[in-house]
Number of protein chains: 4
Amino acid sequence: MAGGTKRLPRAVREQQMLDAAIEVFSDNGFHDASMDAIAAKANISKPMLYLYYGSKDELFAACIHREGVRFVEAISPAGDPNLPPREQLRAALTGFLGFVDANRRSWMVLYRQAIGQQAFASQVGSSRDRLIELTAKLLESSTKDPDPGTDFSIMAVALVGAGEAVADRVAGGEIDVDAAVDLLDSLAWRGLAGTTKKKQ
Amino acid sequence: MAGGTKRLPRAVREQQMLDAAIEVFSDNGFHDASMDAIAAKANISKPMLYLYYGSKDELFAACIHREGVRFVEAISPAGDPNLPPREQLRAALTGFLGFVDANRRSWMVLYRQAIGQQAFASQVGSSRDRLIELTAKLLESSTKDPDPGTDFSIMAVALVGAGEAVADRVAGGEIDVDAAVDLLDSLAWRGLAGTTKKKQ
Amino acid sequence: MAGGTKRLPRAVREQQMLDAAIEVFSDNGFHDASMDAIAAKANISKPMLYLYYGSKDELFAACIHREGVRFVEAISPAGDPNLPPREQLRAALTGFLGFVDANRRSWMVLYRQAIGQQAFASQVGSSRDRLIELTAKLLESSTKDPDPGTDFSIMAVALVGAGEAVADRVAGGEIDVDAAVDLLDSLAWRGLAGTTKKKQ
Amino acid sequence: MAGGTKRLPRAVREQQMLDAAIEVFSDNGFHDASMDAIAAKANISKPMLYLYYGSKDELFAACIHREGVRFVEAISPAGDPNLPPREQLRAALTGFLGFVDANRRSWMVLYRQAIGQQAFASQVGSSRDRLIELTAKLLESSTKDPDPGTDFSIMAVALVGAGEAVADRVAGGEIDVDAAVDLLDSLAWRGLAGTTKKKQ
DNA sequence: GATGAATGAGTGTTCATTCAT
DNA sequence: AATGAATGAACACTCATTCAT
């Protein structure tokens, strides 16, 4: 305890810090998260945080980055080109919403946090943009005979937006992942028609 | 100095302050907006802000409130029950996106800001929830022969989410209001089918 | 109400203001008493306070002054030179403690307040000094054959100090006026001997 | 700058801060003493004050506490039960007035200050109450054959009050410690009789 | 005579950030 | 490699005080 400053390899320390940071950031929001609190939670001294990350902003950026990577990894399997496009989209939705469900606090809050913190909006934007692009491609490849004027990337924006809104409810525990996937899948392919009595 | 700060009636000052506050809040985010900056922008002294609004939080809340009211007013015409439901939805979309287009900075950022500011999330949430409810009713009344299990309010969540995402692009000038309205309208009724070559 | 600004003669207004000021000062202490609160309690506008008293300090000084005068008036009857000195002292004690008992909040707190507020200590001091002088004279005139070196004014300081301490308890309701008078009277003439079983 | 503010051990800094605080509080009174001024006088930065004491109130409380302890220590020797009670009282008076004489500014003003600051009155009150209790015991044990109804604690209140009043004069340099001790000692045992020519 | 409107100046408090060890 | 000690710079908020009407 007193003086038990374990020598840990850099990589481990880094994760330890990010874990602590994410927890504190998500609990308190960016501004109300203090470096003191993060250092305390990570069981290290404040100067270590600065040694590793340079500033609060950079630390937050690192958090967003790590979560963004994890997020993309969670969705990537959807990219399996052996599946038919529609299955791919479904897989992507499942990956996305499953991730949100499994990482409610750490991701959701960071995500919503970061969007509000304009200094980081662009960074979140890049993760999101990758998601949108991926979605756009899926949409395009799964649409036979598309109207030539169709802008799939804007369609993807809308779908991802819908996905995010639904994800909020998933994260809030108001709806479960499967129902959310069905809803979005249906919305994508049939619009409101999907709410019409089936086969009747 | 610059603006000749001369005794104005209360109502005028209030708007002056809110205008300034919205500008500063939207430029800097809630936490990075200082009361000093807001007072300066409003050409008044800080104590006036406190006299009129009591605290930074209350000032921000007042901003959200005013914009929320304006927002609802902008969309309300859509409620005309003489129109067929689908026209109503279209009118609502036009009202919504038109408002965002016309009040980019003041609304968009406040909106995104407020969502990230946990203390205010609930307040924004209520405006948003009203919007979602309204949407849900439109969806329901415009769907003939609905599947009995359909949860229109979750559908509405998704659509509003899509709308917000598209609205971001509208506010960013990346897409124009009409195209956005078409897109969301199409998404609502036909899903991706709407991107298929028409008349085919 | 709205606009019912009664034209009151100056003297009345002054008392009204002082009453309000004393109440607020005694409730909150000098620093935590705001001119706003005083004006509100006096049912007048703040500028009136300034018109009549010039500043918060001067207002407080006026409070102390008025209460000081009242205080001295309450004790003065003791000066009746027809009474034997010891009766005079008893009358003075009764006057003093009776005043404190009857004006707990307004006097006691102001008094203790003012002593702590060094800017006003001297002013309170003057009321107090008059009291001490009076006491000293009583002591002197009632002591037959005094030791030539006796400094009655320091004796008076001690007695008045004892009186104030006892007065605190009177104001606090912990002891009643008569008991307090007996105690101090006894202390003055017999010291602790006064606590010895009588006539035994 | 002036003082070469170099990393000092906690204990040292604490005293440094309290010294400065006491000086500033006693010079200006609680409210008019600014944390800035205290920090400046202590040759440290304001955040240090907050790091060590948390708030202005707590800092003031710490001042009162430290002085209170010193005060009690100065008087404690009087508790030597080998001395006859009357000697004990004399020793206590000497301790008390000697302390006041030696710590004029730091104690006197703090004491008078704290009494006026309602938030701290209770804290001072407790020190004072201990003093009163101690005095009451001394009085009781030194009175042979007391009147059964005698309330020594009220007697003690009066005596301590007299002591405080005299202490003010001691602190003001208007009377020296020995004379003050004689006066109070005499007052306690003989009342005004003590001013009568001795041996008569 | 009376006041609503307005502010300059200051206070306590916090926090990201950096030395000195 | 690691940290306890220290601070500069802000910020929200308050209040006595004064115009302009």
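Residue numbers start from 1 in every chain, and the chains themselves are labelled A, B, ... in the order their sequence lines are given, proteins ahead of strands.
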Can we call the ring centroids of Tyr53(B) and Phe60(B) under 6.0 Å apart? no

Between Asp36(A) and Asn43(C), which is nearer to the 5' end of DNA chain E once each is assigned its nearest nucleotide? Asn43(C)

More 5' along DNA chain E: Ser34(A) or Ser55(D), using each one's nearest nucleotide? Ser55(D)

Nearest-Å distance, [atom1] ([X]) to [atom2] ([N])?
| X | N | atom1 | atom2 | value |
| --- | --- | --- | --- | --- |
| Arg10(B) | dA20(F) | CZ | P | 21 Å |
| Leu49(B) | dT7(E) | CG | P | 10 Å |
| Met17(B) | dA5(E) | CE | P | 11 Å |
| Ile38(A) | dC15(E) | CD1 | P | 12 Å |
| Leu59(B) | dA12(F) | CG | C1' | 12 Å |
| Asp32(D) | dA16(F) | CG | P | 12 Å |
| His31(A) | dA16(E) | NE2 | P | 9 Å |
| Asn28(C) | dC15(F) | CG | C1' | 14 Å |

Want to settle it: does Leu51(D) or Gly54(B) sit nearer the 5' end of DNA chain F, counting the closest nucleotide to each? Leu51(D)

Sorted by position of nearest nucleotide on DNA chain F, 5' first, the leading residue of Met48(D) and Phe30(C) is Met48(D)

Applying the Watson-Crick and G-U wobble criteria at under 3.5 Å, what pairs with [N]? Answer none if nothing qualifies.
| N | result |
| --- | --- |
| dA9(F) | dT14(E) |
| dA20(F) | dT3(E) |
| dT14(F) | dA9(E) |

Closest to side chain of [X], choosing from [options]:
| X | options | result |
| --- | --- | --- |
| Met35(D) | dC11(F), dT17(E), dG12(E) | dG12(E) |
| Ser45(C) | dT3(E), dT7(F), dA16(F) | dT3(E) |
| Pro47(A) | dT3(E), dG4(F), dA9(F) | dG4(F) |

Go through the side-chain N and O atoms of Gln117(D) and His31(D) and say whether any donor and acceptor fall under 3.5 Å apart. yes

Do Glu58(D) and Ser55(D) meet the criterion of a side-chain donor-acceptor pair at a distance under 3.5 Å? yes

Ring of Tyr52(D), cation from Arg10(D) - is the NZ or CZ under 6.0 Å from the centre and inside 45° of the axis? yes

Test: Lys56(A) cationic atom under 6.0 Å from Phe30(A) six-membered ring centre, within 45° of axis: yes

Mark yes or no for a side-chain to base donor-acceptor pair under 3.5 Å between Lys56(C) and dT17(F), with no hydrogen or angle criteria applied. no

Look at the side chain of Lys46(A) against the base of dT17(E) and say whether a donor-acceptor pair falls under 3.5 Å; ignore hydrogens and angles. yes

Derivation and outcome, side-chain contact (heavy atoms from CB on, under 4.5 Å), residues Ile38(D) and Met17(D): CA-CA 8 Å; Ile38(D) 295 171; Met17(D) 289 179 185; over 6 Å; no

Under 4.0 Å between any heavy atoms, over every strand shown, what does [X] touch: base, sugar-phosphate, or nothing? Just pick one.
| X | answer |
| --- | --- |
| Ala33(C) | sugar-phosphate |
| Tyr52(D) | sugar-phosphate |
| Ala39(A) | nothing |

Side-chain N or O of Tyr50(C) less than 4.0 angstrom from OP1 or OP2 on dT17(F)? yes

Within the structure, does a side-chain N or O atom of Arg13(A) lie under 4.0 Å from either OP1 or OP2 of dA2(F)? yes

